[in-house]
> 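Structure provided below as structure tokens; questions to follow.
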Amino acid sequence: MSATASPKPARQPERLEHGGLIDRGRALTFRFDGRALTGHPGDTLASALLANGVRLVARSFKYHRPRGIVGDGPEEPSALVAVGAGARHEPNTRATVVDLVDGLEARSQNRWPLLRWDAGALTGLVGAFAPVGFYYKTFMTPARLWPLQEAVLRRLAGMGSSPTAADPDAYAHRGAHCDLLVVGAGPAGLMAAWAAARAGARVILADERAALGGCLLRERVTLDGAPGHAWVAAVLDALRALGDRVTLLPRTTVTGQHDHGFWQAVERVADHDPAPAPDRVRQRLWQIRARQTVLATGAIERPLVFAGNDRPGVMLASAARAYVNQYAVAPGRRAVLFASHDEGYRTALDLHAAGIQVPAVVDPRAGVRGPLPDRVRALGIPVRDGHVIADTQGTARRGLNGVTVNRLVDGGPDMVPVGDWIDADLLAVAGGWSPTLHLHAQAGAKPVWDAERLAFLPDPERGKEWMCGGCAGVLRLDDALADGLAAGQGAAEALGLRPGAAPPLPTVGADDPAMAGSGQPQTALWAVPKPAVANGKRFVDIQDDVTVEDIALAHREGYASVEHLKRYTTLGMGTDQGKTSNVAGLALLAEARGEPIPAVGTTTFRAPYTPVTLGALAGRHVGAHIAPVRRSPMHAAQAEMGAVFQPTGLWLRPRHFPRDGETLAEAVRREVIATRSGVGLCDVSFLGKIDVQGPDAAEFLNRVYINGWKGLAVGKARYGLMLREDGLAMDDGTTARLADDHFAMTTTTANAVAVMTHLEYGLQVLWPELDVRVVSTTDEWAAVALAGPKSRRVLEEATDLDVSNDALPFMGVTEGTVCGLPARLFRISFSGELAYEINVPAGYGDALWRRLVMVGKPFGLTPYGAEALGVMRIEKGHVAGPELDGRTTPHDLGLGRMVSTKKSFIGRRLLERAALTDPERPALVGLVPEDGATVLAGGSQIVAVADRDTPPPVPMIGHVSSGCAGPGVGHPVALGFLKGGLARWEGQTVLVSHPLKGTATPARVVAPHVYDPEGRRQHA
Amino acid sequence: MMLIPCPWCGPRPRVEFSYGGPADRARPADDAPLEDWTRYVYERDNPKGAARELWRHGAGCRQWFVLERDTVTHAVAASHPLPGAEVAP
Amino acid sequence: MPETADPAAVFDRPAPCSPLAEHWGPGRHGASDGPPGVTATERRDRALWHVDAGRAAAPATLAGLTLPRMPNTGTAPEGPDGPAALWLGPGRWLLVLPPRAPRPAAAGLSVVDLSHGRCVLRLVGPAVRTVLAGGCLLDLSVDGLPAGRCAQTLLFAVPVLLHAGTAETVDIHVPRSYAVALWETLSTEALVHGLEVCP
């Protein structure tokens, strides 16, 4: 849908005719619960809904109470809606932070069948039986009913529904470095950024809202004789004029502080756009390293707690005036203000100035006098001091329609039930300001309670971030501006910059309400007493439906710690994380405990400050890019031949090369038989390759392998096994000697990186006196295994090297040209067949593969993959990953004879421990099913035949580590470990048990080398 | 995320490094008592506060070095090359 | 039975193929208004030599290039298109030389050919550093990575060596096996700035 050219004011009944920072010249169309509505650029979804007279937007979490819009920003606890359709559906989104875009689709949630008539509201009737924590005490018996009860509870509880299709949007990250990060672009933040930028600092200025300016956009203030937003525009122009040095980030929430000046922030680049431009990301996660940081995050207003305080129409006083001033929306037409401090009276002034009736201001403090209350009285608005709102009334659909006022006796807790009724459709509540110090506290700072200002203030011991303005408790506008300037200059000095000319502080209008001195101190009224008969509940946490009574109950039941209070009642655990409810909650707990607030303290602050979508955290690393995929040099050629790839760690390896619709088993069978009877070709480029050079290279290999290397002749390769320092096998491979002081080592695919790290540890930390140089060459060489009785004949067609058994015997190494390509040739066999491994520089890998396929065609050369490779090595009895699982020693693996007694090597000492040389340890055996047909699965547990009918627990005498169908030997073959090994079990039958399938297969224990045990074929 | 000062590359994000155990430990001789080896392989102090640690700049210059770090505040005091490894003049 | 002529003569020496062969689409991609923010080329006409002096004193020069002693610096006396010596670690360097230049050698040096083990991507343009910042936590501004500076780091989780030739030219050395994965993510990141892929 495109924006229409002309506005349609008649369709926005609550839009004020003048004022606001919206673009009245353009109209945006959006839908709420299917209804088409209009708004303007500059609106949030919340302001646009209010402009259209929509006051009921949600149903609450537990009691399904009708709810409206409480705030105007990220602290919103109540107006949670679902935005977007289909795969872009996003539940539990605060309508106050959704910037209106054309075509936006939003829906209320947590209600059935309709928002205005929700069956779930019936739970409110049983509310007395479902107080906080009820689910810990009910539904215990009969246990068989629980699944039914749970299903019902699940339907009733919870909010929103998840999308079921993959997120179609793209997200990205951005690393950034700056001298100074300023969080918050209100008056203090703007001054700080300006001061530091002028001093030459590289500055990033981030604000969570779409437009920079903070409270200057929401309040009626004059700076240097002009409206606040005009001054903001001038400052932003000045910042932009400083060029690349300043980065402005609107709609970017700084969500977390991490070590050493590292901050994460989420930029809503194109959020909720139903038709985003191609290549555009939806959100960007900024990862900022800042040398200094200024927090100018302002403060969040607290509501007041009284019966019926959750009705649509009850709104934070600062939000009420923000809707009037910034969005030109009347949140109501007849407004009562309930304020416990002077600053809240500004709302009465602003509403009155917008033509909204204000029948009364209600203030619990007795005998209220001061500049702001007096100005309100001068307008003819009655101030009912010493009174409180005791209750509210209203309908689900239309919300609030009136309030009940009682007189407070001596500041409470007693009330005189005067019961005065005032018609009103808006109740603006002002319960004081809580500095937004979450980012400061995330780093472990302990906020300090100020009993006079009734607020938690930043920890003075912390001294890392510069806190200024509202978040430091500095609420007066002129003070906040000066505070920001001082912070910016302080940060610049800490950076070693000369401050230079300070930016000019604007003059705040003398009669500006922002300048009114304070009259009386605020009163601490954490909850209005409950009247004898009340329509409503007294909610503390509006999002999670936690009431005053719930807190009292939790305390009575012994949950006296603030952390327990939180978890038992769920106070502060919603998407708003208690931004408007935590202070009242802990204050009420303090009252119940009879202790001062500092004794109760706050719960732990953790990142993120506001919810972050998983997409933003993942960035580009989704789908196939969740981790970087590594490909063989021959990947394309193999794909052309129909290879099916599987991940092995980061690598993509061909698993098999199916033909004509073969299953995996059929393909593997064919590949194995073809290789064992003819010739096969397999990509082994994934194995780790390490070049080891230097005068002490052989000595170094002696220290890392269990076997000896000094006697290995040039032009020969040898199998080696490495241990961890605790004596357990770590990795194996073949290492070839290319020259006296030059070796080419291979490792397993999975351990390549770990082995390289291990070698470097040895050379740098353990034995810096050795002169050895190592470098990974895994990516330098493409490698294939050419295996089978016909492999020599194929090779003879491909090279003019002498590859006869005499010239290149088993484990020999040579270099030359193969298929016209420079190659290293190793006569090594993993399959047990006559075999060669051919290495060429990786850029020739594709050519090598294709040329060998061509040369091998007359011989029936068959490509085989990882599965067939694994089958053949199991048949041959070679150990691999499943046997080198970190629990086995060389003795367990049947390689005890390789352990040198003449040299020192890593793991030698602890390998000698009695427990590791105990002959009763599980040791490697081969297993063949008695029926010659059942495949023995890796992971199967082995028990004695005598224990077939023993009731559990049955002693486990071993396990199967690797198993296969054994196409190369005609029957299934497995490798495993049995206590006492071959010495105890050879020739005997054991039971191979698969508990998940409920089977127990008799199997005969044999030597592990089932295929060609004498090794004739590989020595041919 | 911590900023770790590699003695060669300077401050780099922690993701480029891996931790390698406590510093200042000597690998026992082959014939040392089993208790020495057991301590070397299995036992670790868990200091609350100042610690000397071995770290490796795996995604960078691949050098092992000693890092002096507070395990509670994560404040980094200093980093040093291992004996025998030099830093550029 | 196939005829046995001199088998090796049947095959000529092909040009080494690039790991990006199937994934490299020459032309303009992404934003099409204005000049491209990033122009990408694969540098194929080069040899790469890994040189390690161990703990011994390394020579001052090798293959006509001064071996840089300052960490994370490179010497490239003939500019970005000429030979270069890049610092990798104490006593270790990567030499970028013309493909047919003789193998560098000096007493006590271990020299390993890595010409095939790395893919070298050259990115040129005003948006290069911004695009790289989409996957890297280093300061990649012109101050943070000035001309002549190099850095081994992680780029979109892939281990790479970055070498800044000029303010708008950065070479990325990536291990061959990772090249496709890195190129896919990097090119996606560059689309919004306009990407020109050179043949």
Side-chain angles (χ1 to χ4, degrees), chain A residues 170 172-177 202 278-281 287 289 619-621 624-625 627-633 635-636 650-651 685-686 691 693-694 742 768 771-782 796-800 817-822 841-847 851 855 858, chain C residues 1-2 4 6-19 21-22 29-31 50 52-56 91-92 108-110 112-118 130 132-141 143-144 156-158 175-182 184-185 188-189 191-192:
Chain A
H173 292 178
R174 178 75 57 82
H177 291 248
R202 281 188 305 174
D279 310 325
R280 185 138 298 277
V281 299
Q287 296 168 305
R289 185 76 68 179
R620 300 283 183 195
H621 298 289
H625 292 103
V629 171
R630 297 179 76 171
R631 290 171 171 79
S632 155
H635 186 99
L650 294 178
W651 291 94
S685 305
F686 327 93
D691 187 279
Q693 288 187 35
H742 190 187
D771 187 355
V772 182
R773 302 95 189 269
V774 292
V775 61
S776 165
T777 53
T778 306
D779 288 83
E780 175 67 17
W781 297 94
E796 281 166 350
E797 295 301 315
T799 183
D800 55 2
T817 305
V818 174
C819 293
L821 309 164
Y844 300 126
D846 183 86
R851 291 175 177 188
V855 169
Chain C
M1 194 56 157
T4 17
D6 179 8
V10 173
F11 299 114
D12 59 354
R13 178 73 55 95
C17 73
S18 161
E22 321 277 308
H29 305 272
H50 183 272
D52 194 335
R55 288 178 201 276
R92 284 184 295 118
L109 283 186
S110 302
V112 175
D113 191 346
L114 286 185
S115 304
H116 290 254
R118 303 280 180 271
T130 303
L132 293 176
C136 184
L137 293 175
L138 297 190
D139 184 355
L140 298 175
S141 66
D143 292 323
F156 295 105
V158 173
R176 184 188 194 93
S177 58
Y178 286 103
V180 171
L182 177 62
E184 285 178 346
T185 313
T188 305
E189 185 79 21
L191 289 176
V192 77

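Sequence lines set the chain letters: A, B, ... in the order given, protein chains first and strands last, and positions in each chain run from 1.
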> Please name the pair of heavy atoms, one in A:Arg851 and one in C:Asp12, separated by the smallest distance, quoted to 0.1 Å.
NH1-O, 2.9 Å
> Could you have a look at A:Thr778, A:Val775, A:Val629 and say which one has the most heavy-atom pairs with chain C under 4.5 angstrom?
A:Val775
> Taking atom CH2 of A:Trp781 and atom CG of C:Asp113, what is their separation to the nearest 0.5 Å?
8.0 Å
> If we define contacts as heavy-atom pairs under 4.5 Å, which of C:Ser110, C:Ala181, C:Gly144 has the most with chain A?
C:Ser110
> Given the rule in the side-chain contact (heavy atoms from CB on, under 4.5 Å) test, do C:Thr188 and A:His625 qualify, once you have shown the distances and angles that lead to the verdict?
CA-CA 12 Å; C:Thr188 305; A:His625 292 103; over 6 Å; no
> With a 4.5 angstrom heavy-atom cut-off, is it the side chain or the backbone of A:Arg289 that approaches chain C, or both, or neither?
neither
> So that I know where these two stand, are A:Tyr844 and C:His116 an aromatic pair - ring centroids less than 6.0 Å apart?
yes
> Sort out for me which of C:Asp143, C:Leu132, C:Leu138 touches chain A most, counting heavy-atom pairs under 4.5 Å.
C:Leu138
> For the residue pair A:Pro768 and C:Arg55, establish whether any side-chain heavy-atom pair is separated by less than 4.5 Å.
yes
> Please name the pair of heavy atoms, one in C:Val180 and one in A:Arg631, separated by the smallest distance, quoted to 0.1 Å.
CG1-NH1, 3.5 Å
> Given a strict heavy-atom distance threshold of 4.5 Å, which part of C:Ala21 is in contact with chain A: side chain, backbone, both, or neither?
neither
> Against chain A, label C:Leu182 side chain, backbone, both or neither, depending on which of its atoms sit under 4.5 Å from a heavy atom there.
neither
> Mind ranking A:Ala172, A:Ala842, A:Pro822 by heavy-atom pairs under 4.5 Å with chain C and telling me who comes out on top?
A:Ala842
> Please flag which part of A:Ser632 lies under 4.5 Å from any non-hydrogen atom of chain C: side chain, backbone, both or neither.
neither
> What heavy-atom pair brings A:Pro628 and C:Val158 nearest, and what distance separates the two atoms?
CB-CG2, 3.6 Å
> Within the structure provided, determine whether A:Leu650 and C:Ser177 are in side-chain contact (heavy-atom separation under 4.5 Å).
no
> Checking heavy atoms, do the side chain of C:Ala53, its backbone, both or neither come under 4.5 Å from chain A?
backbone
> Does any backbone or side-chain atom of A:His173 lie under 4.5 Å from a heavy atom of chain C? Answer side chain, backbone, both or neither.
both
> If we only count heavy atoms from C-beta on, is the A:Val855 to C:Phe11 side-chain gap below 4.5 Å?
yes
> What distance do A:Asp279 atom CG and C:His29 atom NE2 have between them, rounded to the nearest 0.5 Å?
11.0 Å
> Between A:Asp846 and C:Arg176 (salt bridge meaning N to carboxylate O under 4.0 Å), is one present in this structure?
no
> In terms of heavy-atom proximity below 4.5 Å to chain A, should C:Cys17 be classed as side chain, backbone, both, or neither?
both
> For residues C:Ser141 and A:Arg202, determine if any side-chain heavy atom of one lies less than 4.5 Å from a side-chain heavy atom of the other.
yes
> Can you see which heavy atom on C:Arg13 is nearest to which on A:Gly820, and at what distance?
NE-O, 3.1 Å
> Under 4.5 Å, counting heavy-atom pairs only, tell me which of C:Leu191, C:Asp139, C:Asp52 racks up the most with chain A.
C:Asp139
> Heavy-atom cut-off 4.5 Å, strictly under: side chain, backbone, both or neither for C:Ser18 against chain A?
neither
> Please classify the contact of A:Trp651 with chain C as side chain, backbone, both or neither, using a heavy-atom distance under 4.5 Å.
side chain
> Quick one, C:Phe156 and A:His621 - any side-chain contact, counting heavy atoms below 4.5 Å?
yes
> Please give me the minimum heavy-atom distance between A:Arg773 and C:Gly54, naming the atom from each residue.
CZ-N, 3.7 Å
> Contact between A:His635 and C:Pro19 at the side-chain level, heavy atoms closer than 4.5 Å - yes or no?
no
> How many angstroms lie between NE2 in A:His177 and CG in C:Leu137, if you round to the nearest 0.5 Å?
7.0 Å
> Measure the shortest side-chain to side-chain distance between A:Arg174 and C:Thr130 over non-hydrogen atoms and say whether it is less than 4.5 angstrom.
yes
> OG of C:Ser115 to CD of A:Glu780: how many Å apart, nearest 0.5 Å?
6.0 Å
